[in-house]
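Each remark here refers to the structure printed beneath this line.
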2 protein chains.
Amino acid sequence: MRLVVASCAARYSGRLNASLPRATRLLVVKADGSVLLHSDGGSYKPLNWMSPPCTLALTEVDDESAAAGVTARWTVQHQKSDDRLEIDLYEVLHDSAHELGVDPGLVKDGVEAHLQELLAAQIGLLGAGHTLIRREYPTAIGPVDILARDAAGGTVAIEIKRRGDIDGVEQLTRYLELLGRDPLLAPVRGVFAAQEIKPQARVLATDRGIACLVLDYDAMRGVDDVDARLF
Amino acid sequence: MRLVVASCAARYSGRLNASLPRATRLLVVKADGSVLLHSDGGSYKPLNWMSPPCTLALTEVDDESAAAGVTARWTVQHQKSDDRLEIDLYEVLHDSAHELGVDPGLVKDGVEAHLQELLAAQIGLLGAGHTLIRREYPTAIGPVDILARDAAGGTVAIEIKRRGDIDGVEQLTRYLELLGRDPLLAPVRGVFAAQEIKPQARVLATDRGIACLVLDYDAMRGVDDVDARLF
DNA sequence: AAATTGATGTCGGCC
DNA sequence: GGCCGACGTCAATTT
């Protein structure tokens with residue numbers, strides 16, 4: 001990994017065209033050839049970058065640019081598309097290289113899959129008398145997150161999202177239409193469950209007779225921990 | 001901006017829990033307090049990070065960790081949520097600080113907005129005899145990209161996407177339902193226009209009687225350039 | 001390989 | 001400040 005701090009300007013062309021006026025920035029060149037161009041603020045997203053696989057070449061600086069103070073020009077070309085990033089370097093304030101080795105990678109816990117596990121284990125959150133039929137119940141257009149049976153013997157299809165917006169309601173609507181045609185399951189009620197439900201999504205769901213259920217992840221995890229301790 | 005190359009391990013807790021085993025990585029501390037933790041590969045996304053606004057504090061290293069080789073512990077706490085990133089530093093291979101100043105930012109040259117302009121100017125691509133009513137035609141649930149009239153005097157609502165997937169078809173469907181109730185406009189046909197239309201989206205659109213139109217951005221821009229030259 | 005879908009998405013525009 | 005849609009979305013998983 002090479003780290004360069006320099007005054008620079010850049011131009012990107014590919015899926016869009018963008019340009020970056022001269023300023024002092026951090027340039028990171030990774031072992032796989034990818035390049036990141038970071039300012040001293042914003043978020044984790046670079047101002048400009050090139051993803052691997054790509055190659056970095058030093059191209060010649062024309063006289064006019066040299067006269068304007070450009071000391072080097074990097075051309076970073078993507079190997080599978082015509083995406084290209086050109087960087088003009090002016091003053092270089094820092095330049096160092098480091099051996100990092102391979103990274104073992106990130107271990108994650110607690111995403112949508114986890115919410116599904118927790119709700120399946122605590123299916124009573126839907127109301128007394130509910131029982132789980134199965135998780136990831138298959139249909140022609142993809143699996144329904146959870147299929148359950150209510151106290152009256154009716155079927156309940158549940159779509160789970162971390163953030164519940166309008167797309168999730170549409171998705172559940174499609175499942176309900178399909179499942180409702182199955183005489184073994186019909187009639188099928190819908191429940192839209194999410195850690196957070198957007199107002200628009202709630203309106204649409206309610207309009208379609210779909211119930212909304214806000215999930216409290218910490219509380220659900222807490223119950224799970226208690227269970228874990230009991231057994 | 002502070003750059004540190006060090007052997008480190010990290011734990012993130014917040015919207016999810018994640019951990020990162022010990023390895024040599026780049027740590028970037030930006031002026032706004034945000035922290036990025038990069039490996040020497042992958043993409044522009046860090047392995048772990050904390051977005052601003054946040055504060056970095058040096059916390060005490062307990063004896064056990066110190067015995068295991070931890071020389072410093074950073075706790076990066078988000079200021080508006082309970083997101084937290086803890087980083088244990090082992091060997092530090094590089095540590096430097098740099099003044100970067102404020103960045104003037106990126107100048108972009110858009111795509112979807114441009115597609116809309118181009119199609120409005122070349123409305124004949126829908127078929128002979130089409131005329132533009134207006135772009136961004138307002139409705140109660142948001143503006144329709146383009147509203148046009150066909151040769152027979154019927155209304156056509158057009159939704160434009162760069163990549164046409166199922167969401168776009170749903171969006172257009174909602175517009176059509178609403179516009180179709182307006183006696184001054186009804187009946188209203190739908191056209192789903194995109195640079196690329198996903199098979200699922202095409203099936204759904206066709207099933208609902210919505211026409212699909214694949215847009216050739218380069219060709220449309222070419223026509224536009226010719227026009228620009230003629231006038 | 002193509003398609004689908006979730007993401008600690010992030011980012012910008014508009015209300 | 002919140003909501004909503006686009007993104008050079010990226011990246012993992014499944015068909």
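Proteins come first, then strands; the chains are lettered A, B, ... in the order of their sequence lines, and each starts at number 1. Values reported hereafter were calculated over all heavy atoms of this structure, with side chains retained and with hydrogens, waters and symmetry mates removed. These numbers come from a predicted model, not from an experiment.
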Could you check whether [X] gets within reach of a base, just the sugar-phosphate, or nothing at all, counting any heavy atom under 4.0 Å?
X	answer
B:L106	nothing
A:N48	base
A:M50	base

*P gap between D:dA11 and C:dC11, integer Å*: 15 Å
*Could you measure between the two C1' atoms, the one in C:dT10 and the one in C:dG6, and give it in whole Å?*
14 Å
Rounded distance in Å - [atom1] ([X]) to [atom2] ([N]):
X	N	atom1	atom2	result
A:I160	C:dG6	CD1	P	11 Å
A:K161	C:dT5	NZ	P	8 Å
B:E170	C:dT4	CD	P	14 Å
A:H114	C:dG6	NE2	P	17 Å
B:K80	C:dT8	NZ	C1'	17 Å
B:D167	C:dG6	CG	P	11 Å
B:D165	C:dA2	CG	P	18 Å
A:Q77	D:dG8	CD	P	18 Å

Do the side chain of [X] and the main chain of [Y] share a donor and acceptor less than 3.5 angstrom apart?
X	Y	result
B:H78	B:K80	yes
A:Q200	A:D165	no
A:Y90	A:T24	no

Run the salt-bridge test on [X] and [Y] with the 4.0 Å N-O cut-off and return the result as yes or no.
X	Y	result
B:E159	B:K161	yes
B:R208	B:E170	yes
B:D88	B:R22	no
B:R73	B:D62	yes
B:D145	B:R135	no

*Start at the 5' end of DNA chain D and walk down; is the nucleotide closest to A:I166 or to A:Y12 reached first?*
A:I166
*Would you tell me whether A:T59 and A:T75 have side-chain atoms, one donor and one acceptor, within less than 3.5 Å of each other?*
yes
*asked:* Can you list, in residue-number order, the parts of residues 189-212 of chain B that come under 4.0 Å of DNA chain D, counting heavy atoms only?
replied: none
*Assign a letter to each nucleotide of nucleotides 9-15 of chain D from its 5' end: B, base within under 4.0 Å of a protein heavy atom; S, sugar-phosphate only; -, no contact.*
SSS----
